[in-house]
Amino acid sequence: MSNSENYTPPKVWQWDAESGGDWAKINRPIAGATHQQDLPIGEHPLQLYSLATPNGQKVTIMLEELLELGITEAEYDAFLIKIGDGDQFGSGFVGVNPNSKIPALMDHSTTPVTRVFESGAILQYLAEKFDALVPSDHTSKTECRNWLFWQMGSAPYLGGGFGHFYAYAPHKMQYPIDRFTMEVKRQLDVLNRHLSDHDYMAGSEYSIADIAIWPWYGNLVLSNSYDAAEFLDVESYTHVIRWAKQVERRPAVKRGKKVNCVWGAEDEQLAERHSKKDLD
């Protein structure tokens, strides 16, 4: 990979070296499994294979919210997928998610077993399965889906764009940092304007839209992502901060963000979850 500011793309790109920086070893230009590795299966119908990245937190928070509502059928096993070690390229995981990205879910309560991949799809699947955390009226339900898909389309600019070049790239480059900082601040302004007169993303009711957005943008303004709060002047997005703190106080959010987490404070880590007792 050239570090030159005058890099000229070749006529045909070829993968001849890792890109450098954190997470370089997990990137490759081809799909499919690299090795045989079966996935474990626990005792509950819902089997989650994940890591506590923002996308992983979405699903564990969702499952904990369902349990908080008293929906015992949402009990689940959460197995750790160590993406730095390449677990997502094992044959078992690729069989659940051919895109080799966490999180991935298997629902053993159906015949045949149902696989669900992509975090937004998992949220919708669980919401529909248990008839929960999506508003019932037409307007609010549509607004919930608007914001869910907004998050799915916007987060790559935050994580793969801003987060990568600001925090993980092997060296700092002004052009991409400026480019993605501008977009992330625009997105924060979109959220801030919306939340100035809405309690939650879909209105007055907490929903899967909040569950999808909080791990990315809530963590960002609460100084839990990329060590970039000062750089982004997050304090100026007062309505986003109000909402982020409101969501953070929910017991299910406190539990969910710990599941499949293997970094940070020891009392905030739970590599695997197989019972509610694991979080006590």
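Summarising the geometry of Ser50 relative to Asn260, their closest heavy-atom pair is CB-OD1, 3.5 Å, with the distance given to 0.1 Å. Between Leu220 and Val184, the shortest heavy-atom distance links the atoms CD2-CG1, 4.0 Å. A pairwise comparison of heavy atoms in Val221 and Ala244 identifies CG2-CB, 3.7 Å as the closest pair. Smallest separation of non-hydrogen atoms from Trp216 and Gly159: CZ3-CA, 3.6 Å.
More than 12 heavy-atom neighbours from other residues, nucleotides or ligands sit within 6.0 angstrom of NE2 on His35. Atom CZ of Phe231 has more than 12 heavy atoms from other residues, nucleotides or ligands within 6.0 Å. Around atom CG of Asp131, no more than 12 heavy atoms belonging to other residues, nucleotides or ligands sit under 6.0 Å away. Around atom CG of Asp197, more than 12 heavy atoms belonging to other residues, nucleotides or ligands sit under 6.0 Å away.
Follow the hydrophobic side-chain contacts under 4.5 Å out from Trp214 and you never reach Met152; the two are in separate clusters. Ile41 and Val113 fall within the same hydrophobic cluster, where Ile, Leu, Val, Met, Phe, Trp and Tyr residues are linked whenever their side-chain heavy atoms come under 4.5 Å apart, directly or through other members. If you chain together hydrophobic residues whose side chains sit under 4.5 Å apart, Phe117 and Leu51 never meet in one group. Follow the hydrophobic side-chain contacts under 4.5 Å out from Leu126 and you reach Leu67 in the same cluster. By the criterion of side-chain heavy atoms lying less than 4.5 angstrom apart, applied directly or through intervening Ile, Leu, Val, Met, Phe, Trp or Tyr residues, Trp263 is grouped together with Phe79 in one hydrophobic cluster.
With rounding to the nearest 0.5 Å, the separation of OG in Ser207 from CD1 in Ile213 is 8.0 Å. We find the CG-CD distance between Asn99 and Glu118 to be 6.0 Å, quoted to the nearest 0.5 Å. Distance check: Ile241 CD1 to Asn192 CG gives 8.5 Å after rounding to the nearest 0.5 Å. The CG atom of Leu63 sits 10.5 Å away from the CD1 atom of Ile71 when rounded to the nearest 0.5 Å. Atom CE in Met106 sits 8.5 Å away from atom CZ in Arg115 (nearest 0.5 Å). In this structure, OG on Ser154 lies 10.5 Å from CG on Leu188, to the nearest 0.5 angstrom.
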**OP:** Tell me, with the steps shown, if Val259 and Leu279 meet side-chain contact (heavy atoms from CB on, under 4.5 Å).
**Re:** CA-CA 8 Å; Val259 178; Leu279 285 159; 4.2 Å; yes
**OP:** List the steps and the verdict of side-chain contact (heavy atoms from CB on, under 4.5 Å) for Leu69 and Phe130.
**Re:** CA-CA 10 Å; Leu69 290 172; Phe130 297 113; over 6 Å; no
Original post:
Are Tyr200 and Glu205 close enough, and set up right, to give a side-chain contact (heavy atoms from CB on, under 4.5 Å), and what steps lead you there?
Top reply: CA-CA 6 Å; Tyr200 295 105; Glu205 187 176 341; 5.8 Å; no
**OP:** Decide yes or no on side-chain contact (heavy atoms from CB on, under 4.5 Å) for Val247 and Ile61, but give the supporting numbers first.
**Re:** CA-CA 11 Å; Val247 173; Ile61 289 172; over 6 Å; no
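The closest side-chain heavy-atom distance from Glu183 to Phe162 is not below 4.5 Å. Counting heavy atoms from C-beta on, the side chains of Lys254 and Pro251 never come closer than 4.5 Å. Looking only at side-chain heavy atoms (C-beta outward), Pro103 and Leu48 come within less than 4.5 Å of each other. Looking at heavy atoms from C-beta onward, Met201 lies out of side-chain contact with Leu148 at the 4.5 angstrom threshold. Thr114 is not listed as a side-chain neighbour of His108, based on a closest heavy-atom distance of 4.5 Å or more.
Here the side chain of Asp278 pairs a donor or acceptor atom with the backbone of Ser275 at under 3.5 angstrom. With Asn219 contributing its side chain and Asn224 its backbone, the two residues share no donor-acceptor pair below 3.5 Å. With hydrogens and angles ignored, the 3.5 Å screen pairs a side-chain donor or acceptor of Lys172 with a backbone N or O of Tyr166. His44 places a side-chain N or O within donor-acceptor distance of the main-chain N or O of His274, the cut-off being under 3.5 Å. For the pair Asp77 (side chain) and Gln47 (backbone), a donor-acceptor distance under 3.5 Å is absent. Looking at Arg242, its side chain does come within 3.5 Å of a backbone N or O of Leu195 through a donor-acceptor pair. For His198 (side chain) and His194 (main-chain N/O), a donor-acceptor pair under 3.5 Å exists by modelled atom type. Without hydrogens or angle criteria, Asp85 side chain to Asp87 main chain gives no donor-acceptor distance under 3.5 Å. In this structure, the side chain of Thr181 engages the main chain of Ile177 through a donor-acceptor pair within 3.5 Å.
In this pair, Trp147 and Trp150 present their aromatic rings perpendicular. The plane angle is above 60°, beyond the 30 to 60° band. Ring-plane geometry between Tyr168 and Tyr226 is classed as perpendicular, the angle between the planes exceeding 60 degrees on a 0 to 90 degree scale with a lower cut at 30.
Remark: Tyr157 engages no residue in a ring pair (Phe, Tyr, Trp, His ring centres under 6.0 Å) (not counting sequence neighbours). Applying the side-chain hydrogen bond (donor to acceptor under 3.5 Å, both in side chains) test to Tyr49 and every residue at least two apart in sequence or in another chain returns nothing. With sequence neighbours excluded, no residue satisfies salt bridge (charged side-chain N to carboxylate O under 4.0 Å, His left out) with Asp137. The side-chain contact (heavy atoms from CB on, under 4.5 Å) test applied to Ser100 returns Gln88, Phe89, Val94, not counting sequence neighbours.
Among pairs with a residue in residues 95-114, those fulfilling salt bridge (charged side-chain N to carboxylate O under 4.0 Å, His left out) read Asp107-Lys129, at least two apart in sequence or across chains. Counting only residues at least two apart or in different chains, side-chain hydrogen bond (donor to acceptor under 3.5 Å, both in side chains) contacts with residues 58-69 comprise Asn55-Lys58, Lys58-Ser119, Lys58-Gln151, Glu64-Tyr76, Glu64-Arg255, Glu64-Arg273, Glu65-Tyr206, Glu65-Arg250, Glu68-Arg255.
Side-chain contact check for Gln187 and Tyr217: at least one donor-acceptor pair (N or O, by modelled atom type) lies under 3.5 Å. For the residue pair Asp210/Trp243, the side-chain donor-acceptor check at 3.5 Å is satisfied. Side-chain N/O atoms of Lys185 and Tyr237 include a donor and acceptor closer than 3.5 Å.
Under a 4.0 Å N-O distance rule, the pair Asp189/Arg193 qualifies as a salt bridge. In summary, Lys245 and Glu248 do not engage in a salt bridge, as defined by a charged side-chain N under 4.0 Å from a carboxylate O.
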